[in-house]
Number of protein chains: 2
Amino acid sequence: MLDPVARVRRFNRAVTSAVGALDGSFLGRGRPLGAARVLNAIGHGRSDVAEIRDYLGLDSGLMSRLLRSLEDEGLIETAAREDDARRRMAKLTRAGRREFAAYEALSNAQAEGLLAQPSQREALLAAMDLIASALTRERISLDEMDPRGEEARYCLGEYYAELGRRFSQGFDVSLSRDPDAKDMRRPRGAFLVAMSDTLPIGCVGLKGTDHGYAEIKRLWVAPAARGLRLGRRLMDAAESAARELGITLLRLDTNSALPEAGQLYRSTGWREIPRFNDDPYPDLFFEKRL
Amino acid sequence: MLDPVARVRRFNRAVTSAVGALDGSFLGRGRPLGAARVLNAIGHGRSDVAEIRDYLGLDSGLMSRLLRSLEDEGLIETAAREDDARRRMAKLTRAGRREFAAYEALSNAQAEGLLAQPSQREALLAAMDLIASALTRERISLDEMDPRGEEARYCLGEYYAELGRRFSQGFDVSLSRDPDAKDMRRPRGAFLVAMSDTLPIGCVGLKGTDHGYAEIKRLWVAPAARGLRLGRRLMDAAESAARELGITLLRLDTNSALPEAGQLYRSTGWREIPRFNDDPYPDLFFEKRL
DNA sequence: CATGATGTCTGACTTTAGTCAGGTATCGCG
DNA sequence: CGCGATACCTGACTAAAGTCAGACATCATG
């Protein structure tokens, strides 16, 4: 009972019964689960029929029948795709949106229910993030995004908060050289966010300058995602983006209070150089030629 | 995406697909899931047919048919119970044990798979324990057990390890008055273990003495189970056991390095008294009249 | 524009899960 | 012993999920 496998199996049992309850509540809306799942996939923005079929693992005949039944209920409309009339697109009607909202409410209620214990709320959420990140590690995608977008701002907020915790003197963004957003957008630079499902769990910025090099800024990995080698993946992607933009020299600054970062840079071809700016926080400076 | 409900739902999605894979692998053994579930319930020691039916939530007719199909396969044998011939017991045949072992191997492999990332192993297990304890909090049972049994020894080991971390001078069991096991067994005392599914997550000992009182010893709650008011439940159960044994006065010692324990005692009718033993570790002493 | 590949749909089918109404043997109790 | 309650079983049924072969329209390609 005390070995790791037994602990995982206990976890499995606990979550299957908790998560299984959702299926039960879905059935309460008087529609078979298969149809409910298709409706929800469409509601979540999947419109391509083949993609939904693939996502839900359905046979094409079965899928077709489920679409028909949802159409008969007046919840969806389908139409051939303009660029390829063999493929079909599905979208919700007004009634379908209402019905989808009802399913969403059930899902949200179930999620709230899992969090019901207020004393444990934060610990529970952190544990869920950790597990979800670990289980979906193969499906973490690195997406180029606007540094002003919601996901990017979330990452930066978490990054600053962490620096505040780890620097003995704290961290005040306004004292640091906050990079201009347009320096981290094409064609001058780029901003990458690591997404696990819908949650941003890491980021890195590539900031263009007018001094013959570009800088790597704001490398951050969520605590729940550490140990998945995500930092390395983000750095690799940032370097690729730099190459695409014709950048041949990269620099970055960091702080010795972040030893894991320094270690990553040293092990991936960066070499230490003298201070090249007057930002008050960094005390370590690196350079890499591409 | 950043609100708690979205994080829980992301966790749900990640876990359902990971755990759902187990059902798929079970189907690989050429038997419907219903039959596989019954076989596994029997393999895990459930033999009473009504109990299995209740556990799996099956209709009595369906259950009967599933038992018949497992019998036809030669995997189980059923017999009327000796004390009540209406009830039936099921047990595995030799072939059934082999088949059960194959399912166990699949379950174990899936559990191992979830842990595959060695760098995160401990963090992942701790997160799983936390979640499993929180989700099954309504089903935590307090069982009276032998203080020398496997579950009790596990709890005591964790308890000692935690004292070692929290006392500035460390903790050495041999210096403390290690209670005699028979003092924590009926009729002199009792030892209670809180079980969540198959994992021990807390304990408390009631130790009989020859001095007109009994002592509460070894109150421990696993980190993953804190915030569930388990300490209070354990203390209530220990007091009930004491009343059953005709004990009217309880004492306990504790240490001010464990503030949450002191707070629990003060809020549940214990009053502080002068030192009543010469154990080197405690510096706080309490008494409660039942 | 003929041809093979692709995506969807339909009809016919099977398996699994689950429900319900009796039926039979056994038990506890007056 | 008789009687109602209990535990299990059987037969008849339904709903849901899934499989498979073939039909049809459309697409990309030579």
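No hydrogens, no waters, no symmetry mates; every other heavy atom, side chains included, goes into these values.
- Nucleotides of DNA chain D nearest to A:Gly61 and A:Ala35 differ in position, and the one nearer the 5' end is that of A:Ala35.
- For the pair B:Leu56 CG and C:dA17 P, the computed distance is 12 Å after rounding to whole Å.
- Rounded to a whole Å, the CG atom of B:Leu66 is 11 Å from the P atom of D:dC9.
- Of the candidates C:dC27, D:dT10, C:dC9, the closest approach to any side-chain atom of A:Leu67 belongs to C:dC9.
- Sequence neighbours left out, the pairs with a member in residues 60-73 of chain B that pass salt bridge (charged side-chain N to carboxylate O under 4.0 Å, His left out) are B:Arg31-B:Glu73, B:Arg68-B:Glu71.
- Nucleotide C:dT6 holds its P atom 17 Å from the CG atom of A:Asp83, rounded to whole Å.
- Distances were taken from every side-chain heavy atom of B:Arg88 (C-beta onward) to each of D:dT19, C:dT8, D:dC9; the shortest belongs to D:dC9.
- Heavy atoms of other residues, nucleotides or ligands lying less than 6.0 angstrom from CZ of A:Arg13 number more than 12.
- To the nearest angstrom, P of C:dG7 lies 14 Å from CE of A:Met63.
- One interatomic measurement links the two molecules: CG of B:Asp59 to C1' of D:dG11, which rounds to 13 Å at whole-angstrom precision.
- Within 6.0 Å of CZ in A:Arg233 there are more than 12 heavy atoms belonging to other residues, nucleotides or ligands.
- Among the nucleotides C:dC9, D:dG18, C:dA17, the one closest to the side chain of A:Leu62 is D:dG18.
- The shortest distance between the side-chain N/O atoms of A:Arg68 and the OP1/OP2 oxygens of C:dT10 is below 4.0 Å.
- Of the candidates D:dA16, C:dG18, C:dC9, the closest approach to any side-chain atom of A:Pro32 belongs to D:dA16.
- Minimum atom distance to the side chain of A:Ala85 is reached by D:dT26, of the listed C:dT8, D:dT26, D:dC8.
- A straight line from CZ of A:Arg65 to P of C:dA12 spans 11 Å, rounded to a whole angstrom.
- Remark: the backbone N or O of B:Ala36 is paired with a side-chain donor or acceptor of B:Asn40 at under 3.5 angstrom.
- Here the P atom of nucleotide C:dA17 and the CZ atom of B:Arg53 are 17 Å apart, to the nearest Å.
- Within 3.5 Å, a donor on the side chain of A:Arg86 pairs with an acceptor on the base of C:dT6, or the reverse.
- To the nearest 0.5 Å, the span separating CD on B:Glu99 from CG on B:Leu70 amounts to 9.5 Å.
- Two residues, A:Gly57 and B:Val49, neighbour DNA chain D, and the one matched to the more 5' nucleotide by heavy-atom proximity is B:Val49.
- Rounded to whole Å, the distance from CG on B:Leu27 to C1' on D:dA17 is 12 Å.
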